[in-house]
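One structure below.
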Amino acid sequence: MTFSFALVLALFLFAPGFAAYAGLFFGSQSKTFRPAPPAPGSLLSLGLVTIGAILAHACGAFLFFMNDLAFAAGLRLHHTEATPNLYVAMLSAARGSAALTGGQIFYLLLGLVLLSTAALVSVAAAIRAEMARSSYGPFLYGWLADLVTEAAPEDRYVTAFVLTDVEHEGSFLGYEGVLENLSLTADKEITSLLLSNCTRFRIQLTPAGLERAALRGGSTIPRLYIERSQIKNIAFNVYQLADPEEIQAAVAEGATPATADA
Amino acid sequence: MKINSPKSLQAARDVLREHNGSWEEVRRSSVRRADGVILVPRPGKPHGSAKAQPASR
């Protein structure tokens with residue numbers, strides 16, 4: 001396998017885009033926005049990397065432009081004998097009009113590293129900014145955006161009822177547990193679930209309505225992995241830790257027993 | 001993707017432990033607000049059967 005110089009150059013130029021992509025999907029340490037990245041070869045990934053690279057290079061070129069303006073104005077903030085503008089250096093080298101010196105190569109690579117670092121840090125900071133979440137939440141999470149937003153505070157957790165295709169005489173087996181992990185496709189379809197502290201229940205449709213009953217006798221399952229092929233449907237519950245006064249206030253405002261429709 | 005943080009997971013485990021490992025019991029001491037969020041007593045706080053009023057319609 002051989003790499004052409006053009007490919008290497010293209011990868012270098014795309015480096016800020018890859019950094020922005022990493023900042024978008026891996027930059028957040030909070031649970032609130034930690035989406036699964038799309039498939040590496042997807043159009044969405046390519047688009048995000050390209051747009052990230054273009055924006056980062058536009059910002060970089062703007063800084064060099066401002067530097068040139070400052071130089072022209074006599075401020076001489078930062079101008080050296082060798083052309084410090086990495087874009088000018090790259091374009092000159094690509095045209096073959098001038099060979100890059102050792103200093104220029106170092107400057108070029110340093111510029112790309114700084115630009116990539118800035119792209120990663122700024123995108124990760126933007127992801128963490130609460131104000132911007134409502135705008136890109138649906139884009140990153142699709143139909144899960146509301147659930148992710150609701151589950152954001154640290155004093156909340158999400159559980160899931162999972163109805164499986166395991167059936168016996170009209171009753172279906174289900175699991176209820178804390179949602180540990182959720183795997184999604186690029187189209188935001190669930191491919192698998194990981195539940196913890198699981199209990200089992202059975203559900204049956206009777207003339208009187210839907211009957212759900214916990215299965216006795218089994219211990220709590222510490223961790224349970226369920227694949228899409230076994231899932232009939234899923235319901236999510238968001239729990240919030242509350243003081244007794246808060247619960248009383250909620251009751252006064254019309255909150256209903258959680259057992260009523262769970 | 002993860003939805004629950006480590007702190008949230010720990011809170012969920014603590015709540016479940018206080019309710020004898022039964023989600024049914026957790027719900028019995030909880031109330032559901034109009035926005036769908038279920039309020040559950042913090043671990044260590046007193047809890048019992050939730051005496052909620054029916055939602056006004």
Side-chain angles (χ1 to χ4, degrees), chain A residues 29-36 140-141 144 147-148 150-161 176-184 194 196-199 201 213-214 219-220 236-244 246-262, chain B:
Chain A
Q29 293 302 309
S30 76
K31 66 170 181 174
T32 315
F33 282 89
R34 201 187 300 164
L140 292 178
Y141 295 105
L144 270 171
L147 180 70
V148 170
E150 275 187 17
E154 292 287 347
D155 61 351
R156 290 187 176 188
Y157 61 89
V158 179
T159 65
F161 287 102
E176 180 181 12
V178 183
L179 189 58
E180 284 259 355
N181 201 34
L182 194 63
S183 298
L184 301 172
L194 181 65
S196 66
N197 298 88
C198 261
T199 56
F201 64 87
S219 59
T220 303
F236 299 101
N237 270 333
V238 178
Y239 284 83
Q240 179 177 334
L241 304 180
D243 294 322
E246 290 177 82
I247 294 178
Q248 283 172 7
V251 169
E253 290 173 6
T256 55
T259 48
D261 51 359
Chain B
M1 62 182 280
K2 288 187 181 298
I3 299 230
N4 289 311
S5 69
K7 273 188 182 176
S8 298
L9 290 174
Q10 189 55 50
R13 288 188 198 109
D14 292 343
V15 167
L16 191 62
R17 193 181 309 117
E18 283 206 353
H19 291 81
N20 305 316
S22 165
W23 289 110
E24 290 284 341
E25 278 198 32
V26 172
R27 275 192 296 279
R28 266 196 284 276
S29 60
S30 309
V31 295
R32 186 187 290 272
R33 285 196 318 220
D35 62 0
V37 174
I38 297 174
L39 299 183
V40 60
R42 285 181 196 282
K45 298 281 182 179
H47 57 82
S49 184
K51 297 282 188 287
Q53 303 293 325
S56 58
R57 303 204 181 267

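Reminder, nothing fancy here: chain letters follow the sequence lines and each chain counts from 1.
- Heavy atoms closer than 4.5 Å to chain A are found in the side chain of B:L16, but not in its backbone.
- Applying the side chain to side chain contact (heavy atoms under 4.5 Å, CB included) test to B:E24 and every residue at least two apart in sequence or in another chain returns A:R212, A:A214, B:S22, B:R27, B:R28.
- For a residue to count as touching a neighbouring chain, one of its non-hydrogen atoms must lie under 4.5 Å from one of that chain's; by this rule A:E246 touches chain B with backbone and side chain alike.
- In this pair, A:F161 and A:F201 present their aromatic rings perpendicular. The plane angle is above 60°, beyond the 30 to 60° band.
- Listed by chain and number, the residues in a side chain to side chain donor-acceptor pair (under 3.5 Å) with B:D14 are B:Q10, B:R17 (sequence neighbours excluded).
- Looking at A:E150, the atoms closer than 4.5 Å to chain B (heavy atoms on both sides) all sit in the side chain, from C-beta outward.
- For the set B:V26, B:V37, B:V15, the entry with the most heavy-atom pairs within less than 4.5 Å of chain A is B:V37.
- Judged purely by atom type and a 3.5 angstrom limit, A:T199 has no side-chain atom pairing as donor or acceptor with the backbone of A:T220.
- Inter-residue side-chain proximity for A:V178 and A:V158 is flagged as unmet; no heavy-atom pair is nearer than 4.5 Å.
- Contact annotation for A:L194: neither backbone nor side-chain heavy atoms come within less than 4.5 Å of a heavy atom of chain B.
- Looking at B:A34, there are no atoms closer than 4.5 Å to chain A (heavy atoms on both sides), in backbone or side chain.
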